[in-house]
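Below, chains carry the letters A, B, ... as their sequence lines are ordered, and counting in each starts from 1.
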Amino acid sequence: MAGKVNDGLRFFWGKARPAGQAEDVTAPTHPLVAHMLDVAAVAVLWPGSSRLGLDRRQLGLLVALHDMGKVTPAFQAKVPAHWPRQALGPLPDTVVDSRHDVDGLILLDRVCADVLAPLFGADADGLEWEADDKAQLWRAVAGHHGQPVAIDETRARTLGHAACAAHARELAGLLLDVFRPPPIPVPSLDQLRQLEWQLAGVTVVTDWIGSRQDWFPYVQPDDVADAAGYFWNHALPRAQHALARAGLGPVTVAPFRGIGHLFAHVQVPSPVQALLEEIALPAGPALVVIEDMTGSGKTEAALVVAHRLMASGRATGLFVALPTMATANAMFDRIAAAYRGLFQPSAHPSLALAHGRALLDPRFAAVVAPDDALDAAAVPQARMEAAEVSCAAWLAGESRRALLAQVGVGTIDQALMAVLPVRFATIRQAGLAGKVLLVDECHAYDPYMQAEMAALLRFHASMGGSAILLSATLTKAVRQKLVAAFRAGLQQEAPVSLSSTAYPLVTLVGCDGMTEQPCAPRPGLARRIAVRQSGSEAAVMVDVVAAAGQGAAVAWVRNTVDDVIATARALAQQGVEAQVFHARFAMIDRLAIERDVLARFGRNSMPADRAGVLVASQVIEQSLDLDFDVLCTDLAPMDLIIQRAGRLRRHQRAARPIDRDEICVLAPAPVDDPDPEWIRRLLPGTAAVYRDPALLWRTARALLRMGTIESPGNVRDLIEAAGDTSITPEGLATASSVATGHGLAAHDAARRNILHHEWGYTPGSGLWEPDIRTPTRLEERPYVTVRLGVLRAGQVWPWAALKDETLAAAHAHRRAWALSEVSVAQGRLASCHVAEDAREAVATARAGWSRWEREADDRFLLLLLTEVEGGAEGRGHNAKGHAVVVRYDNRYGLEVVPAPAG
DNA sequence: AACAAAAAAAAA
């Protein structure tokens, strides 16, 4: 009879309740066979599985086999009380320890090879599966612990003769009998690579879902005596339920009916929006690059393309990637308002925010439904309809799972980790597979991240995915590189060369080539800003003071925090109380300043409040919608100067105290033959932050020559002129080439780190070593996270809890500490001093932190502050071991100064 | 000699 479990097999356990968990469940363990079938059932029903191109019976069998390694004594002895003596006799005194994922691969690939042979077919010419190719499928299902596994030949010889070999063969035969799959045809190499990566992802996703005890209650060994019966009558119904609860039930995409159906507020589409509503998209996976001015409605235009790609069956969901958590949070709000329009009204797609701090965002936390809320049967109809935006708790709980939601918004890092050899990269791949990958602000990346981006586009295209890139302007070189990466993923090695310098511009890329489509700018958005160079700090200071005297809204963007603070102090001496804004504040204070700055200088600011000076670091460069009458800035690379200039006269205003379309750039004169000290003499900090002085020099020179920044008129020319490395003055050549070298090294480092799709899911596809942590961003120098605390009544309180009482509650603990953080260069502060009598209180406070934060005590510092006039003070040591005083001032932020002697 | 902002970090 089909699917009858041989006597002993049902006693093998697959899951055991962790010690200490409630005993109110019927069984202490879950049979191995049951767990295998649970997970297989989830795989068969998971909508994402359809992309694999496998028959459900084939998929079910492959995924069921993922835990084959658990038949070994090594695994069964892990909980001696559950040792299956009915099958294996008494528990031996010693059992060799071994990993069940590695053992699983050996059992599948070697021990059970002949039993499982019927799964593999031959093609029309009688050509059969290569042994190595079969091994890849086994690797995909066996390597379900986050990274690919290799066969250990010594272990393979041992296992081949072990008693459990017979059990493994029986188990394989049993599962084969449950699923009775038709043979899988011989794949092309390309198909195989796609299949193995995707299979690896599906196995992990479904194993995570199928391992939830509350969705798959433990059963008794006798319940799996009829394995096929268990699969059909228990596993499948539970899997369907589980998928709905996880927020991964099937959803249907709505047909595209025009931009107005997605965004009620769009009455008249902008030219780029109108173009993208109509333009013919290339067949198959497509890359669409949209370059247009800020304020032109690029995001809406991108969602139009995304919807069209989805509606034409090329994708089932969307992931929006942004450069920062703050921009991701803001985008989450915008997408939340529109995403339901992508799907049929009856569908309940999940929308998730994916980044390290997602659950600290109150807007996301508010839409996280309890586990059962998405279970259609359990939720009253009224509530279903009311739930405009929702995300299952299971998805929301963790960033890797959040990527699985039908619509996701998050940091680019979350997507980049899909192409890095980090644990469970495959689940991130599974999350992105079948989605439109929308990358916003895609110019904002350094060489390391650019190389990762290229790798991501290539991998995504290899998996059949489409992508949309948004930017104000890309250099041609970057656009070329990203286009080439996508085409490489489509196996199109023939180079295409970009020619258009039009702006705005839409670039369309597909299997059959590339087209560039110029586009008109949105009417009324054109800008022309004059650029005035100022050669000394003092002169800028005079201008700022004068403008403040006239009641203007003035901003000075400085390149270092120390300069920001020093400038604000100098202004104060002249009677001008400037507001200070940079990132060296505790998060709670930074957010408060941000709110204040937005109220004063934002879109809805009142003329009476606007008079005043803001001295800020790069924090106001992007994403904050600020508007100043007068804008000064330290010299910076061209794209950043253009970004900063966008903060001048950004909004329509009736009257301005100073009414001039002009920015002032503090920069040394771009003389023809600058000496090596050219930038450092005037702006030493700037030289350290922006390492290529030639880039700064070309920026200053181009600005001076053109005299204006005109959008859309000359921004492309300005950026290309600043990036033209063929013009590098001799005096700056050395420093410039050092900087270029750093960039190349970073680029190379990324290329060494990334995963190679074409090598398949093997240990060799990347640096998978467990002790290597591959970062998504390179850190040029180490930073520590300083958490500010205050000792009161023998207890350490997070700084934030003193500022906001609601954060003092126990449940707000995590949030309170996160809001009390400041990031400081380790060179300045490496350790904090804790007085003898505060030691216990500090230890108690740290004990409440997450394991990661607790254990990395050289990276997560707790600084005890004592209140002093105007702020607070603490003590510590810098990286050289010198004693320092940390001053925290409510207006100026955190400063580290040498401790007074003695 | 001098240094922005930015992200990540537990398993099935």
Side-chain angles (χ1 to χ4, degrees), chain A residues 14-16 18 30 35 38-39 42 66-67 70 100-101 144-147 203-213 215-216 321-328 354-358 394 397-401 410-417 420 422-424 427 441 444-446 448-449 452 557-564 581-584 590 616-623 634 636-637 640 643-644 677 679-681 683-691 735 773-783 785 823-828 849-856 859-860 896:
Chain A
K15 293 273 160 188
H30 196 44
H35 172 66
D38 291 344
V39 177
V42 178
H66 78 282
D67 259 346
K70 287 185 175 173
H100 81 263
D101 52 353
H144 64 290
H145 284 187
Q147 59 190 65
T203 305
V204 173
V205 173
T206 56
D207 191 25
W208 285 16
I209 296 173
S211 297
R212 292 252 338 202
Q213 198 185 336
W215 295 343
F216 294 89
L322 294 113
T324 67
M325 298 193 279
T327 47
H355 62 65
R357 295 259 168 90
W394 187 80
E398 200 221 298
S399 55
R400 294 176 294 201
R401 298 196 298 243
T411 50
I412 181 77
D413 306 74
Q414 296 296 330
L416 292 176
M417 278 187 277
L420 294 175
V422 298
R423 290 202 77 190
F424 296 107
I427 203 170
E441 311 266 11
Y445 300 114
D446 62 21
Y448 182 82
M449 293 188 79
E452 288 177 299
V557 186
R558 305 234 55 184
N559 290 339
T560 71
V561 174
D562 286 344
D563 281 350
V564 168
F581 189 21
H582 53 66
R584 223 194 285 151
R590 175 177 171 173
S617 72
Q618 293 84 337
V619 287
I620 64 163
E621 210 162 67
Q622 41 177 298
S623 81
D634 292 357
L640 303 180
Q643 287 264 18
R644 295 176 190 185
E677 299 301 308
I679 185 70
R680 209 166 333 186
R681 209 175 295 120
L683 295 166
T686 298
V689 173
Y690 303 112
R691 303 294 274 273
R773 220 189 68 72
T774 311
T776 54
R777 305 187 187 210
L778 278 191
E779 222 180 25
E780 219 170 277
R781 58 201 178 115
Y783 273 77
T785 300
S823 184
V824 181
Q826 197 189 31
R828 291 173 188 249
W849 295 0
S850 76
R851 192 178 137 214
W852 166 263
E853 298 156 349
R854 213 165 52 228
E855 288 179 359
R859 298 287 310 260
F860 279 85
V896 183

Trainee: Find the distance A:Leu322:CG to B:dA5:C1' and express it as a whole number of Å.
Mentor: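 The distance from CG of A:Leu322 to C1' of B:dA5 comes to 15 Å, rounded to the nearest Å.
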Trainee: State, without any angle test, whether A:Asp207 and A:Thr203 hold a side-chain donor-acceptor pair at a distance under 3.5 Å.
Mentor: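 Their side chains do not contain a donor-acceptor pair, so the 3.5 Å distance test is not met.
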Trainee: Between A:His144 and A:His100, how do the two ring planes meet: parallel, tilted or perpendicular, split at 30° and 60°?
Mentor: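 Answer is tilted, since the angle falls between 30° and 60°.
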Trainee: Nearest whole Å is fine: how far is B:dA2 C1' from A:Leu683 CG?
Mentor: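 Result: 13 Å.
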Trainee: Can you measure A:Arg828 atom CZ to B:dA1 atom P for me and round it to whole angstrom units?
Mentor: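 That distance rounds to 16 Å.
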Trainee: Please state whether the rings of A:Trp215 and A:Trp394 are parallel, tilted or perpendicular, taking 30° and 60° as the class boundaries.
Mentor: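 Rings of A:Trp215 and A:Trp394: tilted, as their planes differ by 30° to 60°.
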Trainee: Looking only at heavy atoms, what is the nearest atom pair of A:Asp634 and A:Arg644, with distance?
Mentor: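 A:Asp634 and A:Arg644 have their closest heavy atoms at O-NH1, 3.3 Å.
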Trainee: Using a 4.0 Å heavy-atom cut-off to protein, can you give one letter per nucleotide of nucleotides 6-12 of chain B, 5' to 3': B if the base is in contact, S if only the sugar-phosphate is, - if neither?
Mentor: BBBB-SB
Trainee: Would you say the side-chain atoms of A:Asp563 pair up with the backbone N or O of A:Arg558, donor to acceptor, closer than 3.5 Å?
Mentor: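 No.
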Trainee: Roughly, in whole Å, what's the span from CZ in A:Arg680 to C1' in B:dC3?
Mentor: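 About 12 Å, once rounded to whole Å.
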Trainee: Across the strands shown, which category fits A:Arg854 at heavy-atom distances under 4.0 angstrom: base, sugar-phosphate, nothing?
Mentor: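 No contact.
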Trainee: Can any side-chain N or O of A:Arg590 pair as donor or acceptor with the backbone N or O of A:Ala583 at less than 3.5 Å?
Mentor: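 Pair absent, no side-chain N/O of A:Arg590 close to backbone of A:Ala583.
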Trainee: A:Val561 near the nucleic acid: base, sugar-phosphate alone, or nothing, with a heavy-atom cut-off under 4.0 Å?
Mentor: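 Here A:Val561 touches the backbone only, sparing every base.
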